[in-house]
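Let me begin by presenting the structure, written as structure tokens, before commenting on it.
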Amino acid sequence: MRYISTRGQAPILSFGEAMLTGLARDGGLYVPESIPVLTHDEIADLAGQSYEEVAFRITSRFTGDTFSEAELKSAIAKAYAGFGHAARAPLVQLAPGHHLLELFHGPTLAFKDFAMQLIGQLFQIALAREGRKITIVGATSGDTGSAAIEAFRGLDNVDVFILFPHGRVSEVQRRQMTTPSEANVHALALEGDFDDCQSRLKDMFNHFEFRDGVGLAGVNSINWARVLAQVVYYFTAAVSLGAPGRKISFTVPTGNFGDIFAGYIAKSMGLPIDQLVIATNQNDILHRCLSTGRYEMNGVKASISPSMDIQISSNFERALFMAYGQDGAAVAQLMDEMKTTGGFTVSQGALEALREIYASGRVSEAETSAEITAELARSGELLCPHSAVGVAVANAQIAAPVPMVTLATAHPAKFPDAVEAASGIRPALPARMADLFDRPERVTRVPNDLAALEALIHERRRA
Ligand SMILES: *Cc1c(COP(=O)(O)O)cnc(C)c1O
């Protein structure tokens, strides 16, 4: 299995190389050269298997010879052992024909743990084998950073630096990043917003001398290994509802497009997914693009579903690459136009290709809160604001007899203020992390300045 860049100008890599690299050197994102297809029988045979067994059968199709069967199986077993639910990704019925896929039983209470816990294990195997040390730098609006720290804390051959926007993450999110006490964990509160964090991270990747000097590695949502890990739960959910004998639709609360792109991969592998619905909050660049063909930045407005507050959606580049028939030059041109003018228009053919696969909907702040209240009354489920965006969009898209699955991307206790304001109920943290508010915090305030950040990383890393 070989991996190519969406911009067509970077070296072709193995799975292991693409995983450790993150962003391609031409600025593009790695995608598999071709997508393996499972037969009807192979999909049917996933029914009743453990989450870990399904994860092995899916991911092993993409990992080439980077890992032995024993290594991959052991990594998967360790990755999900710390989850708070034996099913890992349980399904709950909300209404006839509508199900909620709970992806928040991992150590940091958001779906990011599914991918991050696995790549933490895979990185460890690959680095130990090569005797290599790396520096992971990540930018986060809250959930990615805590998931990355949880996955890499205490590892000898990895230092992990997380940039988060000072004062703009929830207290639970911040504490999950600042309370781990291991010496290889560095939480950095940047004076700026999430876009500033992402921009400085991109600058570091484009500064090749720094990148190579510290062994910079990326684990943000553009890392292909993360997308791959997320393909698994589309299979477990669909098969438990009757696939491959029956079509299933999914609605996905979307920001950077990593999670829903995993759904597209599952569909391309032969899983009979009917609708794949993008749910956005008021930061609706994706919904506008699908509706009008124009992809255009217009600022970020802080919302009660902050993990979806994005101005541009990085993994959408992969969807464009597919919609443009894997034409890297065309994608590179769109991205250039984006950089110089702040937007681009998708060609008619590509727009039709996108609409074949994705539907979309957008929810306002008031509608999000109202959905939390309404779902509590309907089914007794207390939703986090991101999941509420999903459920609200899904309700408008359900087309019987095809069952709809909405992805619940975070636990309500991760966003207690917004949930309490909407429902009057303050959700409690699960018992296994009930002491989060008593643990001491450790954080460094940093300026929004590339040279200062690079100097700090050079000084702090232990390698
Ligand atoms: C990251 C995140 C999202 C958005 O996922 P993408 O893969 O970036 O589209 C939605 N909800 C929660 C809770 C998240 O942490």
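Position 1 is the first residue of the sequence; numbering continues from there. Please read all numbers here as calculations on a predicted model, not as lab measurements.
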Contact list for residues 358-398, test ring-ring contact (aromatic ring centres under 6.0 Å, His included), sequence neighbours left out: F257-Y358, H386-F415

Exceeds 12 heavy-atom contacts within 6.0 angstrom, atom CG of D156: no

Donor-acceptor contact below 3.5 Å, side chain S379 vs main chain L94: no

Closest non-hydrogen atom pair between S369 and I304, with its separation: OG-CD1, 3.6 Å

Nearest atoms (heavy-atom pairs only) where G218 meets N223: O-ND2, 2.9 Å

Short side-chain donor-acceptor distance under 3.5 Å, S221 and N315: yes

Heavy-atom side-chain contact between T144 and R226 under 4.5 Å: yes

Ion pair E371/R378, N-O distance below 4.0 Å: yes

Note: R362-D284 ion pair, threshold 4.0 Å (strictly below): yes

Value rounded to 0.5 Å, distance of CG in D193 from CZ in R168: 5.0 Å

Donor-acceptor contact below 3.5 Å, side chain R200 vs main chain D449: no

Test log, rule side chain to side chain contact (heavy atoms under 4.5 Å, CB included), inputs E381 and E102: CA-CA 11 Å; E381 276 292 313; E102 293 186 350; 3.7 Å; yes

Any T251 side-chain heavy atom under 4.5 Å of M404 side chain: yes

Shortest non-hydrogen contact between N281 and S305, atoms and distance: ND2-OG, 2.9 Å

Side-chain donor-acceptor pair present, R132, N157, cut-off under 3.5 Å: no

Residue that, paired with I58, satisfies side-chain contact (heavy atoms from CB on, under 4.5 Å) out of V231, L271, I265: V231

Nearest heavy-atom neighbours spanning A408 and S387: CA-OG, 3.2 Å

Residues R57, E42: salt bridge by 4.0 Å N-O rule: no

Whether H411 and F104 hold their rings parallel, tilted or perpendicular, with breakpoints at 30° and 60°: perpendicular

Taking every non-hydrogen atom, the tightest pair across Q230 and A115: NE2-CB, 3.8 Å

Test item: I457 and F210 side chains (from C-beta on) under 4.5 Å apart, heavy atoms: yes

The single option from T280, D309, T368 passing side-chain hydrogen bond (donor to acceptor under 3.5 Å, both in side chains) against S303: D309

N256 versus S314, side-chain donor and acceptor atoms under 3.5 Å: yes

By salt bridge (Lys or Arg N to Asp or Glu O under 4.0 Å) - contacts of D143 (at least two apart): K414

Shortest non-hydrogen separation from A147 to K112 and the atoms involved: CB-CB, 3.7 Å

Criterion side chain to side chain contact (heavy atoms under 4.5 Å, CB included) on I43 and M269, from CA distance to verdict: CA-CA 10 Å; I43 297 173; M269 291 176 75; over 6 Å; no

Atom pair CD/CD1 of E71 and I76 - distance to nearest 0.5 Å: 12.0 Å

Heavy-atom check, side chain of K301 versus side chain of E365, under 4.5 Å: no

Side chains of F83 and P107 in contact at under 4.5 Å (non-hydrogen atoms): yes

Under 3.5 Å donor-acceptor, R174 side chain and E441 backbone: no

Side chain N184, main chain V158, donor-acceptor under 3.5 Å: yes

Side chain S313, main chain G255, donor-acceptor under 3.5 Å: yes

Any donor-acceptor N/O pair, R442 side chain to P180 backbone, under 3.5 Å: yes

Parallel, tilted or perpendicular: ring planes of Y3 versus W224, cut at 30 and 60 degrees: tilted

Gap between atom CE of M322 and atom OG1 of T6 - 0.5 Å precision: 9.5 Å

F123 vs I136 side-chain heavy atoms within contact, under 4.5 Å: yes

L23 side, atom CG; N220 side, atom CG - distance, nearest 0.5 Å: 7.5 Å

Neighbour count above 12 (heavy atom, 6.0 Å) for K73 NZ: yes

F235, F114, Y233 screened by ring pair (Phe, Tyr, Trp, His ring centres under 6.0 Å) with Y51, the one that passes: F114

Check: S364/E367 side-chain N/O donor and acceptor closer than 3.5 Å: yes

Side-chain (R318) to main-chain (V31) donor-acceptor, under 3.5 angstrom: no

Between OG on residue S360 and CG on residue L286, distance to nearest 0.5 Å: 8.0 Å

Backbone of G299 reached by a side-chain donor or acceptor of Q311 within 3.5 Å: yes

Short side-chain to backbone donor-acceptor contact, Q173 and S170, under 3.5 Å: yes

Expected output: side-chain K267 to main-chain I273 donor-acceptor under 3.5 Å: yes

Nearest-0.5 Å distance that lies between atom OG in S146 and atom CE in M177: 6.0 Å

T236 and R88: side chain donor to acceptor below 3.5 Å: no

Flag side-chain contact, heavy atom, 4.5 Å: I310 against V300: no

Check: Y80 and D113 side chains under 4.5 Å, non-hydrogen atoms: no

